[in-house]
Chemist: 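This is the structure I have questions about; it appears just below.
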Amino acid sequence: MEKISLPKGTRDFGPEQMAKRQFIIDSIKKVFQRYGFQPLETPAMENLSTLTGKYGDEGDQLLFKILNSGDFLKEANKQNLETGNWKLATGDIAEKGLRYDLTVPFARYVVMNRHEIAFPFKRYQIQPVWRADRPQKGRYREFYQCDADVVGTDSLVCEAEIILMIKDAFKALGVGDYSIKINHRAVLSGLAEILGARENENSLFVAIDKLDKIGEEKVKEELIARGFNTDSLATLFEVLNFKGSVAQKMEMLTKTFANSEKGKKGVNDLSEVFSLLENYGSAFDHVEFDIALARGLSYYTGCIFEVKINNVGIGSVSGGGRYDNLTAVFDAKEKSSGVGISFGIDRIYDAMEELKIFPKETSAASTILITHLDNDGFKYGLKTVQAFRERGIASEIYPDQVKIKKQMEYADRKKIPFVVVIGPEEVQTKNLTLKKMETGNQLKLSFEEIATAIQLHNNKD
RNA sequence: GUGAAUGUAGUUCAGUUGGUUAGAACGCCAGAUUGUGAUUCUGGAGGUCGCGGGUUCGAGCCCCGUCUUUCACCCCA
């Protein structure tokens, strides 16, 4: 028999992990809702034509494709199969694929429902996505994204609010040491322009994005290999290595971009975002203007964001930006601008686990376990457990009549904080024995006394 | 997709130049304790050494393939 296992890069989440994951999801969801975003869900699978061509050639290879049902080979073009032209052959035998991110399905939804939607449309979406990548630490083939996007406005208020939401989210999660990096695609394009590298933009962006990872020398090597000369590299690193406050960076770039319209646009946008943040009354802590931040996804056109939790061996936990023409790929007439942020909850989980900063009480176990010593106690317990539930206290009764030791062990293992013991004495006096597992202390109390005390205890948290 | 490492009990790991019956700790189960968990004591169960082939008188150890996990590149949450 085949050994049971999971597909590469996928995981089960047991109760303990789920408690922590839900803590992260709930925290982020609350922030999204507080900023006026509304929920959306889209199907796990999309038509392959919706997905292909949106993420570049690399992205197309990372799409999971779903084999057509039935005798799919009959319909396929034999020539494509036999000549080994797998790209064409794939189109013949697979018409559906698993979603690769939440942004493209969102754009599809917006275009399909444009007449129903009130713009600007603010939606959040928390669902798994799939990538046929090779798994590594912090990198899975199935993982969750928590996205919030606004479509249908160019206002930089959205960008500023993204920064506010990131701060709120990490505050709710209890993550204190993190950096929000911000840059603008037009700043990068402006750089390319003054370096005379407009044709070579992408290799420039890819190389400088690695600056903090591989260092200045390696980036220079890579750029020289791609045909950049030493003069332009000198200019480039003069800009990249500039140290100073945000205001000083802006001033420097304004001079640098004296002859670059694109560069000026980028600097103006960023200045406005920063001044909006001031108007919101938000401090600039955690926010870094990083001229070297590029980000891969080619559809970004305006501000770009990336969030890293410091001192953990995990890549970015969140990223986003503005894309001016995402909906245009579905309909050329449709040119709504969008801007959004995506939190990777699997990576946030890994980082928080590494830092050991999950709150202790994330477990969703019962508050009370009813234990019983005999059949009368068990019956009395059934009434009692239901009464606790009516008072809003999560409780359960041990379902089998077994030794009290066994029932206590169960409470201990499930980390249920309180145990009620019901035996002949309790049934007769109508006073229940309440045991606090943490200390081992126990008292005889009435149902009312216990229920009130537990409710107080729960409200304290 | 390219290049490399890894896999032994539920878990973390030992296991000598290839040599009889593969070990430890923790965990698990039972009892000490028929109205009490976590602590203590006693006993017990648990392994096709990832899987498949090969070399050898003999393989956990060597060789090939395959899968898993991990690392670098690519890319990314």
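Letters go in sequence order (proteins before strands), and every chain restarts at 1.
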Chemist: Would you classify A:Gln145 as touching base, sugar-phosphate or nothing, given that sugar-phosphate means primed atoms plus P, OP1 and OP2, and contacts are heavy atoms under 4.0 Å?
Modeler: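 Result for A:Gln145 = sugar-phosphate.
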Chemist: Measure from the side-chain N and O atoms of A:Arg108 to the backbone N and O of A:Phe330, and report whether any donor-acceptor pair falls under 3.5 Å.
Modeler: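 No.
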Chemist: Write down the distance between NZ (A:Lys8) and P (B:G50), rounded to a whole number of angstrom.
Modeler: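 Computing the A:Lys8:NZ to B:G50:P distance gives 18 Å.
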Chemist: Taking A:Lys220 first and then A:Glu216, would you say they form a salt bridge - that is, a charged N and a carboxylate O separated by under 4.0 Å?
Modeler: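 Yes.
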Chemist: Within the structure, does a side-chain N or O atom of A:Lys403 lie under 4.0 Å from either OP1 or OP2 of B:G31?
Modeler: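 For B:G31, OP1/OP2 do have a side-chain N/O of A:Lys403 under 4.0 Å.
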Chemist: Among B:C76, B:C74, B:G37, which is the nearest nucleotide to the side chain of A:Arg131?
Modeler: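 Out of B:C76, B:C74, B:G37, the nucleotide with an atom closest to A:Arg131's side chain is B:C76.
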Chemist: Is A:Phe343 touching bases, backbone alone, or none of the nucleic acid, heavy atoms closer than 4.0 Å?
Modeler: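 Nothing: the residue A:Phe343, judged by heavy atoms under 4.0 Å, touches no strand.
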Chemist: Under 5.5 Å between ring centres and under 30° between planes: does that hold for A:Phe143 against the base of B:A77?
Modeler: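 The ring of A:Phe143 is stacked on B:A77.
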Chemist: Rounded to the Å, how far apart are A:Glu426 CD and B:U36 C1'?
Modeler: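 That distance rounds to 12 Å.
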Chemist: Measure from the side-chain heavy atoms of A:Gln136 and tell me the nearest of B:U36, B:C75, B:C74.
Modeler: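 Looking only at side-chain atoms, A:Gln136 lies closest to B:C74.
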Chemist: Suppose you measure atom P in B:C26 against the same atom in B:A38; what distance do you get, rounded to whole Å?
Modeler: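 It comes out at 15 Å once rounded to the nearest Å.
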Chemist: To the nearest angstrom, how far is A:Asp209 atom CG from B:C76 atom P?
Modeler: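 It works out to 8 Å between those atoms.
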Chemist: Quiz question: going by heavy-atom distance under 3.5 Å, is there a donor-acceptor pair between the base of B:G35 and the side chain of A:Lys405?
Modeler: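 Under the 3.5 Å cut-off, the side chain and the base do not form any donor-acceptor pair.
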Chemist: Look at the side chain of A:Pro424 and decide which nucleotide, out of B:G35, B:C76, B:G37, has an atom nearest to it.
Modeler: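 Selected nucleotide: B:G35.
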Chemist: What's the OH-P distance between A:Tyr124 and B:A77, to the nearest Å?
Modeler: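 These atoms are roughly 22 Å apart.
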Chemist: Nearest whole angstrom, please: distance from the C1' of B:C76 to the CZ of A:Arg139.
Modeler: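 To the nearest whole Å, that distance equals 6 Å.
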Chemist: How long is the straight-line distance from OH of A:Tyr323 back to OG of A:Ser336, given to the nearest 0.5 Å?
Modeler: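 Here the rounded value is 10.0 Å.
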Chemist: Report yes or no: is the cationic atom of A:Lys54 (NZ for Lys, CZ for Arg) under 6.0 Å from the centre of the six-membered ring of A:Tyr100, at an angle within 45° of the ring normal?
Modeler: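 Judged by the rule, A:Lys54 and A:Tyr100 form no cation-pi pair.
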Chemist: Classify the nucleic acid contact of A:Thr433 as base, sugar-phosphate or nothing, counting any heavy atom under 4.0 Å across all strands shown.
Modeler: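 Since a base atom lies under 4.0 Å of A:Thr433, the category is base.
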Chemist: Answer yes or no: does a side-chain N or O of A:Gln407 lie under 4.0 Å from OP1 or OP2 of B:U36?
Modeler: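 Negative; the distance criterion is not met.
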Chemist: Which value, in whole Å, describes the distance between the C1' atoms of nucleotides B:C62 and B:G18?
Modeler: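 These two C1' atoms come out 8 Å apart once rounded.
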Chemist: Tell me the interatomic distance from A:Phe418, atom CZ, to B:U36, atom C1', rounded to whole angstroms.
Modeler: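 These atoms are roughly 16 Å apart.
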Chemist: Under 4.0 Å between a side-chain N or O of A:Lys406 and OP1 or OP2 of B:G31?
Modeler: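 Looking at the OP1 and OP2 atoms of B:G31, neither is under 4.0 Å from any side-chain N or O of A:Lys406.
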Chemist: Return yes if some donor-acceptor pair links the side-chain N/O of A:Glu426 with the main-chain N/O of A:Gly423 below 3.5 Å, else return no.
Modeler: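 Between the backbone of A:Gly423 and the side chain of A:Glu426 there is a qualifying donor-acceptor contact (under 3.5 Å).
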Chemist: Select base, sugar-phosphate, or nothing to describe what A:Val421 touches, counting heavy atoms under 4.0 Å on all strands.
Modeler: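 Here A:Val421 touches the bases of the nucleic acid.
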Chemist: Salt bridge check: are A:Asp212 and A:Lys308 linked by an N-O gap of less than 4.0 Å?
Modeler: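 So A:Asp212 pairs with A:Lys308 through a salt bridge.
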Chemist: Would you say a side-chain N or O of A:Lys210 is under 4.0 Å from OP1 or OP2 of B:C74?
Modeler: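 For A:Lys210, the contact criterion (side-chain N or O under 4.0 Å from OP1 or OP2 of B:C74) is met.
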Chemist: Between B:U55 and B:G1, how far apart are the two P atoms, rounded to whole Å?
Modeler: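 Looking at atom P only, B:U55 and B:G1 are 32 Å apart.
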Chemist: Which is true for A:Leu373 with a 4.0 Å heavy-atom rule: it touches a base, it touches only sugar-phosphate, or it touches nothing?
Modeler: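 It contacts base atoms.
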Chemist: Relative to the 5' end of RNA chain B, which residue comes earlier, A:Leu6 or A:Glu222, by the nucleotide with the nearest heavy atom?
Modeler: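 Closer to the 5' end of RNA chain B: A:Leu6.
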Chemist: Between B:G31 and B:G15, how far apart are the two C1' atoms, rounded to whole Å?
Modeler: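 To the nearest whole Å, 33 Å.
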Chemist: Give the nucleotide from the list B:G1, B:U36, B:C28 with an atom nearest to the side chain of A:Arg413.
Modeler: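 Selected nucleotide (nearest to the side chain): B:C28.
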Chemist: Which part of the nucleic acid, if any, lies within contact of A:Gly320, taking any heavy atom under 4.0 Å across all strands shown: a base, the sugar-phosphate backbone alone, or nothing?
Modeler: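 Touches nothing.
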Chemist: So what does A:Gly59 hit on the nucleic acid, given a heavy-atom distance under 4.0 Å: a base, only sugar-phosphate, or nothing?
Modeler: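 If one applies the 4.0 Å heavy-atom cut-off, A:Gly59 turns out to touch nothing in the nucleic acid.
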Chemist: Taking the P atom in each of B:U20 and B:U42, what is the distance between them to the nearest angstrom?
Modeler: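 Per the computed distance, 31 Å lies between those P atoms.
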Chemist: For B:G60 and B:U6, measure between their C1' atoms and round to the nearest Å.
Modeler: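 One C1' to the other, the span is 15 Å.
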Chemist: Tell me, what's RNA chain B's dot-bracket, Watson-Crick or G-U with both distances under 3.5 Å, | for other-strand, [ ] crossing?
Modeler: (((((.(..((((.....[...)))).(((((.......))))).....(((((..]....)))))).)))))....
Chemist: Salt bridge or not between A:Arg21 and A:Asp346? Use side-chain N to carboxylate O under 4.0 Å.
Modeler: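 Between A:Asp346 and A:Arg21 there is a salt bridge, with a charged N closer than 4.0 Å to a carboxylate O.
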Chemist: For atom C1', what is the distance between B:A25 and B:C71, given to the nearest Å?
Modeler: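 It comes out at 29 Å once rounded to the nearest Å.
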Chemist: Give one of base, sugar-phosphate or nothing for A:Val129, where a contact means two heavy atoms less than 4.0 Å apart.
Modeler: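 No contact at all - A:Val129 keeps every heavy atom at 4.0 Å or more from the nucleic acid.
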Chemist: Output the rounded distance in Å from CD1 (A:Ile214) to C1' (B:C74).
Modeler: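 Computing the A:Ile214:CD1 to B:C74:C1' distance gives 12 Å.
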Chemist: With respect to the side chain of A:Val206, which nucleotide from B:C74, B:A38, B:C75 is positioned closest?
Modeler: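 Closest nucleotide among those given: B:C75.
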Chemist: When all nucleic acid strands are considered with a 4.0 Å heavy-atom cut-off, which category describes A:Arg134: base, sugar-phosphate, or nothing?
Modeler: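 A:Arg134: base contact, heavy atoms under 4.0 Å.
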Chemist: Please determine whether a side-chain nitrogen of the Lys or Arg among A:Glu449 and A:Lys444 lies less than 4.0 Å from a carboxylate oxygen of the Asp or Glu.
Modeler: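 Salt bridge: no.
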Chemist: For B:U2 and B:U11, measure between their P atoms and round to the nearest Å.
Modeler: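 Roughly 31 Å separates the two P atoms.
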Chemist: Is the side chain of A:Gln407 donor-acceptor paired with the backbone N or O of A:Val402 at a distance under 3.5 Å, no angle test?
Modeler: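 Present.
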Chemist: Starting from C1' on B:U68, measure out to NZ on A:Lys137 and report it in whole angstrom.
Modeler: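 Spelled out: NZ on A:Lys137 to C1' on B:U68 is 18 Å.
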Chemist: Go through it in stages, so that I can follow the logic: the residues are A:His286 and A:Phe170, the test is ring pair (Phe, Tyr, Trp, His ring centres under 6.0 Å), and I'd like the CA-CA distance, side-chain angles, deciding distance and then a yes or no.
Modeler: CA-CA 11 Å; A:His286 300 294; A:Phe170 284 102; 8.5 Å; no
